[in-house]
Amino acid sequence: MEFEPLDQYQQRRKKLAEIESLGYPPFPHKFDATHSPSQVVSQFGARTADELAVGKPGVRVAGRIVALRPHGKAAFGHLAGGGARLQFYVKLDTVGEAAFKLFQLLDLGDIVGLTGELFRTKTNELTIRVEKLELLTKALLPLPEKWHGLADTEMRYRRRYLDLIVNERAREIFLRRAQITRELRRFFDDRNYIEVETPMMHPILGGATARPFVTHHNRFDMDLYLRIAPELYLKRLVVGGLDRVYEINRNFRNEGIDAIHQPEFTMLEFYQAYSDFSELMDLTEELMRGLAEKVCGTTKVKYGESEIDFGKFDRLSMREAICKYWPQDAGVEPNANDFKTSRRAREIAARYNEFARVKSLEPVATGESISEGELTGELFEAIAERHLIQPTFIYDFPTDISPLSKKRVDDPSLTERFELFVAGMEIANGFSELNDPEDQERRFRAQVEKGGQEAPKEVDVDYIRALSHGLPPTAGEGIGIDRLVMLLTDSHAIREVMLFPLLRSESAAGSADDEGQK
RNA sequence: GGACCGCUAGCUCAAUGGUAGAGCAGCUGACUCUUAAUCAGCGGGUUCCAGGUUCGAGUCCUGGGCGGUUCACCA
């Protein structure tokens, strides 16, 4: 197989053949490095020229050649590895004729092993004086432009390997992402939660409302859904006596793709027995504050134009949030108590829709089939959600839109549920778990009867059975890891924090397929 | 799905409807402390695709592809 740019590809193949004919193995198996370029920099970066001249520290370093400045019978260049660059100096007199010949057959992008002593040049840059040069892997394709790098967003996602080589920011995002999941695991491990893995392929849809991906198991001749949430399995584990569990893994939802949605995304879900939603809010504050401090070094995190303070969390009921952000021109500001009767909730929605009509905004749905709980949820999303920049818990979710949450004792139209919003994004969703099997069964049946592509086709009988064996009072929460990483890396698209976001296939445009699709 | 924006050399980008260009990368040569090395020379194009308008299209029009933004959808 050959790749563009063809002339350069073939040129490099030719050089590789020459290297082989000089007696060097074309793809050697290993290299015993003492340091990566970044380790050299961190260990010797503080040494002065004199100190290096006395100590003459010798190192063996491996990395990718990312800059080359040949000067006839000598050359400078930079070796990249571990996120740092180390200058190297190759001189005919030092490496000898054979190695210098090899060096002249090297290109930008090649991976080499260098052995030599460290010194400082007259411009005082830490440099390895190459005494021994080994080609470790020939790059047959060139790197993107050395100064501007790779800017084309599509190419950055499709060829993430180039993005990672060339764009330091991309590399930093994914290192930080790893740090975040590491800290999350530490947080839960320290508190005696156990990490579990539950099925990604589900025979029955459940745990959230979303259109699923469908797949098929041949041997069992059985349709399966890629999971949209691990929730029902994790709560079975709590029934089984694993009182504190968490899982960090992928969910799959067959829906729209935009700046904050991707079809597969990573969710942390955790459950703790003998607890309720208010404890979870406290725990979530602690978690987020600690994470920001650990990862960003401060609780005050820059995100675009704003500075988000993870040291301070607001709490508003959903109804309060609607009232607080009620648009000025939308008539009389409602009172949180107005939502208690169906009639008045509908009046509020009508008032908002009149405002939306004038401002040509999208109205909220108000049909007969829409319950006042759904109405409240819609109004919240239309009016308040985007304003929630600083960390804000929204609680008192209507029961109608919370099929797995426990109702409030004093008001069964509301549940003990909250969501955390930051930068206008939903980051977390937690609640006191509904553990009354009969109530749960009624809510499941209502979902199945309502139908639609997002509703399960059947009631998850085994889950009801599990609840019938007794789920202790339990609180559970899901945190969207990708969005959390966005917040802590000042990234404004979920694609930026996912290594390989889903894109349409690159196959040749205008092929016969187009006709066939119609 | 709608609206808007983009797509030109391997990469980053230019080009009033009038001969498609530069820098980097590549190739040849010079150069033993350079660092976006420098100097001299050379090669490199289905201007995303298919039609149309025009004497003439990278540029204008229609349709399509891919990406982006945004709205809608979406727990």
Side-chain angles (χ1 to χ4, degrees), chain A residues 3-12 14-15 66-78 85 87-95 100 107-109 119-125 127 129 141-159 162 166 207-211 228-229 231 251 253-261 263 267 360-363 365 374 377-378 380-382 385 394 397-398 400-405 417 419 426 428-431 452-454 478 480 492-493 495 501 503-511 513-515 517-518:
Chain A
F3 294 96
E4 292 288 331
L6 208 56
D7 58 333
Q8 298 194 39
Y9 183 83
Q10 287 167 343
Q11 181 65 34
R12 285 169 181 237
K14 213 169 94 192
K15 287 182 180 176
V66 292
L68 268 180
R69 295 179 294 279
H71 291 269
K73 298 188 176 64
F76 285 94
H78 277 91
R85 290 167 162 234
Q87 179 166 262
F88 59 81
Y89 182 45
V90 177
K91 195 162 69 155
L92 174 61
D93 301 345
T94 313
V95 286
F100 201 76
D107 288 293
L108 287 176
F119 73 107
R120 285 191 183 273
T121 59
K122 53 182 197 196
T123 55
N124 206 37
E125 177 161 351
T127 303
R129 179 182 287 109
L141 288 169
L143 293 172
E145 211 263 347
K146 66 179 174 186
W147 189 242
H148 300 96
L150 190 64
D152 183 76
T153 47
E154 182 176 354
M155 198 77 90
R156 289 185 41 236
Y157 301 145
R158 288 196 195 277
R159 308 197 191 158
L162 291 182
V166 164
T209 314
R211 287 183 65 175
I228 57 172
E231 173 147 354
N251 290 343
R253 298 187 184 177
N254 204 340
E255 287 170 357
I257 294 179
D258 63 27
I260 55 170
H261 293 90
M267 187 91 138
S360 55
L361 299 172
E362 197 68 20
E374 289 170 312
E378 289 209 39
F380 167 75
E381 284 177 26
E385 189 169 340
I394 299 296
F397 271 61
D400 307 332
I401 57 172
S402 310
L404 299 163
S405 310
R417 174 184 173 194
E419 285 187 356
E426 178 196 337
N429 175 20
F431 39 88
Q453 286 174 306
E454 302 179 352
H492 297 261
R495 296 177 291 272
L503 299 178
R504 281 197 165 83
S505 68
E506 208 178 354
S507 60
S511 67
D513 290 354
D514 296 350
E515 304 299 317
Q517 303 267 328
K518 301 268 163 76

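Chain letters run A, B, ... following the sequence lines, proteins first, then strands; residues in each count from 1. These numbers come from the heavy atoms of this one structure, side chains and all, not from hydrogens, waters or symmetry mates. Predicted, not measured: the structure shown is a model, and the values here were computed from it.
By the 6.0 Å contact criterion, CZ on A:R120 is enclosed, its count of non-hydrogen atoms from other residues, nucleotides or ligands being greater than 12.
Counting heavy atoms from C-beta on, the side chains of A:K146 and A:H78 never come closer than 4.5 Å. Between A:I257 and A:P263, the closest side-chain pair of non-hydrogen atoms falls below 4.5 Å.
Protein atom NE2 of A:H148 is 11 Å distant from nucleotide atom P of B:C24, rounded to whole Å. Distance NZ (A:K91) to C1' (B:U34): 13 Å, rounded to an integer number of Å.
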Set out, line by line, the N/O atom pairs under 3.5 Å between protein and nucleotides 13-15 of chain B.
none

Are any protein N/O atoms closer than 3.5 Å to N/O atoms in nucleotides 40-46 of chain B? If there are, list each pair with its distance.
none

List every contact pair, protein side and nucleotides 1-5 of chain B side both N or O, where the distance is under 3.5 Å.
none

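Taking the nucleotide of RNA chain B with the nearest heavy atom to each of A:T121 and A:P142, the more 5' of the two is matched to A:P142. Between A:P70 and A:E4, the residue anchored closer to the 5' end of RNA chain B is A:E4, taking for each the nucleotide with the nearest heavy atom.
At a threshold of 4.0 angstrom between heavy atoms, the contacts of A:G377 with the nucleic acid are absent. Among the protein residues, A:F100 comes within range of no part of the nucleic acid, since none of its heavy atoms lies under 4.0 Å from any strand.
Partners of A:E385 under the salt bridge (charged side-chain N to carboxylate O under 4.0 Å, His left out) rule, at least two apart in sequence or in another chain, do not exist in this structure. For A:E255, there are no salt bridge (charged side-chain N to carboxylate O under 4.0 Å, His left out) partners, not counting sequence neighbours. Residues satisfying the side chain to side chain donor-acceptor pair (under 3.5 Å) test with A:Y157, not counting sequence neighbours, are A:E496. Annotation: side chain to side chain contact (heavy atoms under 4.5 Å, CB included) contacts of A:H148 (sequence neighbours excluded): A:E145. Looking at residues two or more places apart in sequence or on another chain, you find a ring pair (Phe, Tyr, Trp, His ring centres under 6.0 Å) between A:F380 and A:F421. A:D107 pairs by the salt bridge (charged side-chain N to carboxylate O under 4.0 Å, His left out) definition with A:K15, A:K138, not counting sequence neighbours. Listed by chain and number, the residues in a salt bridge (charged side-chain N to carboxylate O under 4.0 Å, His left out) with A:R69 amount to none (sequence neighbours excluded).
Donor-acceptor pairing under 3.5 Å, judged by distance alone, is present between the side chain of A:Q87 and the base of B:U34.
When the side-chain nitrogen and oxygen atoms of A:K146 are compared with OP1 and OP2 of B:A25, one or more of them lie within a distance under 4.0 Å. For A:R69 and B:U34, the shortest distance from a side-chain N or O to OP1 or OP2 is not below 4.0 Å. Under 4.0 angstrom from either OP1 or OP2 of B:C27 there lies at least one side-chain N or O belonging to A:K15.
Note on ring orientation: taking the six-membered ring where Trp is involved, the planes of A:Y89 and A:F119 are tilted (angle from 30° to 60°).
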Intra- and inter-strand pairing of RNA chain B, written as dot-bracket with Watson-Crick and G-U pairs under 3.5 Å and | for the latter, reads (((((((..((((....[..)))).(((((.......))))).....(((((..]....))))))))))))....
Letter by letter from the 5' end, nucleotides 68-75 of chain B scores (B base, S sugar-phosphate only, - none; protein heavy atoms under 4.0 Å) SS--SBBB
Checking A:D93 against A:F100 for the side chain to side chain contact (heavy atoms under 4.5 Å, CB included) test, could you report, in this order, the C-alpha distance in whole Å, the side-chain angles of both residues, the deciding distance, and whether it holds? CA-CA 9 Å; A:D93 301 345; A:F100 201 76; over 6 Å; no
